Amino acid sequence: MSMNAASSSNNTVISVTNLAKSFGAAKAVQDVSFEVHAGEIFGLLGPNGAGKTTTIRMILDIFKPDRGTISVLGGPMREDKKARIGYLPEERGLYKDLTVEQCVTYLAELKGVARADIKTRAARFFEQFDLTEHRRKKVNELSKGMQQKVQIISTLIHKPALVIIDEPFSGLDPVNTRLVQDLLLEQRAQGTTIVMSTHLMYQVEEMCDRLVLIDHGKTVLYGGVDEIRRSHADRAVRVVAKGELPAIPGVIETSRKGNERTLALPHGMESQHVLEQLVAAGVPIEQFELALPTMDDIFVKVVAGGK
Amino acid sequence: MKKILLIALREYERQVARKAFIGVLLFPLFIIAIAVVVGFVSASSTIHSDQGVVGYVDPGNALARATHPPADADNTFQKFDTAEAAQAALEQKQIIAYYVLAPDFAVSRQAEFRYWQNEPGNRVRRAFDNFVRSALLADIPPATATRLMEGPIFTQTTLDGSRTFDENNIMSFVLPFIAGILFIIALFSGASYLLQAVVDEKENRTIEIVVSSVTPMQLMSGKVIGLAGVGLTQVLVWLIGASVAVFLLRDRLEFLQSITIDPGFVALAFVLFVLQYLIYGAIMAGIGSIVADAKQGQSYSTPFTLAAMIPWFFLTAILFDPNGAVAVVLSLFPLSAPLTLLVRYSMTSIPAWQLVAAIGVMILTAIGAMWLAARIFRIGMLRFGQRVNLSEIAANIRF
């Protein structure tokens with residue numbers, strides 16, 4: 001399946017078209033296209049080895065693509081753009097022999113932030129992440145979760161316009177997961193564009209505006225999260241109502257949990273028709289909605305279907 | 001440029017703070033200490049067996065007018081009338097050895113040297129030779145005699161008059177060798193730091209974060225420059241240490257007084273050192289980026305470190321013919337040039353074109369090595385825990 005991204009607009013922060021990259025005989029990326037819009041959280045999804053990391057590395061000009069075009073922040077990747085991008089790779093680490101403060105300062109200086117600014121911004125982040133009392137500790141004295149927080153601070157301290165973050169929640173407990181989630185949503189509210197690669201599909205549903213799903217180096221799914229869920233709906237509705245439901249010709253009850261039922265609709269029947277029938281029969285309806293599949297279901301279906 | 005300096009500074013701070021670095025700084029001190037101990041032990045044993053009275057039997061009276069050394073000299077000379085008398089004194093350990101001169105010694109120069117068990121060293125023979133000379137020079141005016149006794153001092157001057165080689169200034173020969181040894185130590189330790197630094201960056205997974213801020217070339221240049229700074233610090237500390245030592249020991253050790261440092265030599269050594277460091281820095285950074293761990297890196301880097309040692313293997317050829325084909329070829333090969341040039345500098349006047357060509361080749365090699373290493377770095381840097389095949393490097397070198 002090949003998909004071409006729509007034509008670029010001013011709103012586009014990243015545009016990737018027909019990207020391909022091989023390492024020797026291994027085809028890491030074969031045909032990937034998508035666009036990331038300004039101010040959105042964009043999900044870059046795919047099973048292990050699908051080509052996500054290679055795609056990110058090509059966007060950041062760490063690898064050169066064999067084929068295809070990439071536009072980042074309004075044109076080809078250039079050195080000066082690196083200061084406007086925050087990147088947290090999947091294979092990440094910190095300088096273990098430095099203190100938290102030294103480590104954050106060094107990485108921020110490499111992004112071109114002035115020392116005085118680093119100090120005030122770092123102090124604010126340390127406060128927010130509960131790291132103030134640990135800031136003079138060496139990195140290797142910190143727990144994995146705390147190191148993860150230091151990494152996220154290093155990714156955001158230079159106020160990037162674009163954040164690319166690979167598995168932002170790995171190694172975090174539920175409290176810190178919530179903390180990072182809120183931080184990313186806060187960044188989006190401030191206008192930062194975020195590309196997020198994650199395996200946690202509920203996070204995608206909760207946070208992402210749009211997504212691309214890559215499998216075997218190819219784009220297999222691309223678009224808005226709601227739009228994708230709707231397009232994968234199995235022509236079914238979810239009804240919560242007390243008592244028995246009247247029989248509607250062609251409609252089959254596929255599952256029932258207490259008062260919650262899923263009804264499969266025949267081809268050509270609108271959900272509106274079912275609702276009208278139920279109302280006409282005087283059924284006390286508590287909830288009526290399209291039975292949208294979870295992103296988890298869609299992920300498994302699309303990836304398993306591709307095999 | 002600012003980013004390169006930041007990386008260089010960070011690498012410098014990191015390396016200088018290492019305990020191992022202090023060890024390297026103290027290494028020459030360790031060598032000197034061993035040399036002093038060895039020298040002291042051997043000197044004390046020779047002095048013991050060489051000090052004392054030396055007898056002589058002089059039937060022809062050839063040494064009648066010889067000038068006796070002062071009584072507090074290591075050796076004084078006592079005349080015996082017969083060989084038997086001298087032998088008896090030797091057996092009673094009154095003397096450490098004795099000479100029996102032929103009756104016609106003045107003409108035949110025949111003499112026998114007899115000793116008991118331990119053969120006295122050369123110092124005894126030299127002292128007796130001087131004693132004999134003083135007899136032969138008795139008729140010559142004292143000033144002339146002194147000059148003759150001291151012998152000539154040859155000072156060679158190159159044809160263009162730019163350099164002189166003073167026989168007495170033994171340090172002018174020794175210094176390039178010492179510089180060469182320190183060069184190799186500084187280079188090898190620096191190279192292994194750099195290899196380790198690149199492997200570390202891969203192992204602690206910081207490399208990908210860093211290359212999202214700087215180019216691989218900037219990262220590598222920063223590291224190489226930082227480590228060149230570490231190397232220069234090492235050499236500077238050694239030089240200051242040596243200068244302080246020379247200053248303190250000047251009055252006690254005669255040979256130190258003759259030390260004169262040739263500014264040309266210092267300048268050449270500095271240029272060669274920096275270039276060599278840049279070349280090896282690039283090589284090590286390239287190797288560090290394609291290997292899985294430091295151990296594997298060491299085995300990859302061995303051929304390159306051996307290349308720097310080539311001049312040692314051909315030392316005899318270079319010393320024998322410092323402007324010969326071997327010396328010239330090794331001077332123009334960038335990896336062996338520094339050591340070869342330093343050794344040759346002490347032996348001969350290196351033709352200007354060779355110096356220019358050698359340094360030119362080294363500059364080009366340094367640039368080429370950095371360029372190549374940055375590309376290899378790009379291919380290898382994100383391979384965690386696995387090495388990269390040479391064929392893969394060759395296939396991807398284009399970007």
Side-chain angles (χ1 to χ4, degrees), chain A residues 21-26 53-54 56-57 59-66 77-98 102-115 139-140 147 150-152 154-155 157-158 160 162-166, chain B residues 1-19 196-197 199-219 222-223 226 289 374-375 377-386 388-399:
Chain A
K21 174 78 183 170
S22 297
F23 298 101
T53 303
T54 305
I56 292 176
R57 286 174 179 170
I59 292 171
L60 291 168
D61 199 34
I62 295 171
F63 291 157
K64 303 275 184 200
D66 295 340
M77 186 65 187
R78 284 195 321 263
E79 273 319 295
D80 57 311
K81 288 183 182 171
K82 286 188 171 177
R84 293 166 61 200
I85 300 174
Y87 177 42
L88 186 59
E90 188 180 9
E91 290 275 9
R92 52 187 167 236
L94 295 164
Y95 294 99
K96 308 245 184 274
D97 53 332
L98 295 186
Q102 287 170 330
C103 197
V104 168
T105 305
Y106 175 62
L107 292 173
E109 277 184 315
L110 286 184
K111 287 287 186 191
V113 187
R115 279 230 165 183
V139 168
N140 59 5
Q147 291 188 20
V150 176
Q151 278 157 350
I152 288 170
S154 305
T155 311
I157 193 160
H158 57 290
L162 169 64
V163 172
I164 299 177
I165 191 162
D166 210 343
Chain B
M1 194 60 201
K2 199 184 161 211
K3 287 179 179 177
I4 295 179
L5 287 179
L6 267 172
I7 295 165
L9 195 66
R10 141 109 189 110
E11 205 53 56
Y12 182 86
E13 283 172 354
R14 198 174 93 99
Q15 296 297 345
V16 169
R18 280 159 66 118
K19 284 191 189 114
Q196 189 62 50
V199 173
D200 276 355
E201 197 112 350
K202 270 179 86 173
E203 277 177 350
N204 67 21
R205 304 288 195 263
T206 43
I207 203 156
E208 197 170 354
I209 296 176
V210 175
V211 293
S212 75
S213 301
V214 303
T215 61
M217 186 69 178
Q218 284 173 324
L219 175 60
K223 279 186 176 296
S289 66
R375 267 141 196 84
F377 194 80
R378 198 163 190 158
I379 301 163
M381 65 183 175
L382 298 175
R383 299 300 185 84
F384 302 116
Q386 52 173 303
V388 181
N389 294 327
L390 288 179
S391 55
E392 196 176 335
I393 294 169
N396 287 285
I397 211 75
R398 62 199 154 82
F399 55 72

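Each chain gets a letter, A, B and so on, in the order its sequence line appears, and its residues count up from 1. Just so you know, these numbers come straight off a predicted model, no measurement behind them.
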Against chain B, work out which of A/I164, A/T155, A/D61 has the most heavy-atom pairs shorter than 4.5 Å and name it.
A/D61
What part of B/Q218 gets closer than 4.5 Å to chain A, counting heavy atoms only: side chain, backbone, both or neither?
side chain
Measuring only between side-chain heavy atoms, which start at C-beta, is A/Q151 closer than 4.5 Å to A/L94?
yes
Could you tell me which portion of B/I7 (side chain, backbone, both or neither) has an atom closer than 4.5 angstrom to a non-hydrogen atom of chain A?
both
Of all of A/K96, A/E109, A/K111, which one pairs up most often with chain B through heavy atoms under 4.5 Å apart?
A/K111
A/Y95 versus chain B, the contacting section by heavy-atom distance below 4.5 Å:
both
Does this structure show an ion pair linking B/D200 with B/R14, if we count only N-O contacts that are shorter than 4.0 Å?
yes
So, the side chain of A/K82 versus the backbone of A/L110: is there a donor-acceptor pair under 3.5 Å, distance only?
no
Between A/Q147 (side chain) and A/V139 (backbone), is there a donor-acceptor pair under 3.5 Å?
yes
Over all heavy atoms of both residues, which pair between A/I85 and A/P160 is shortest? Give the atoms and the distance, please.
C-CB, 3.7 Å
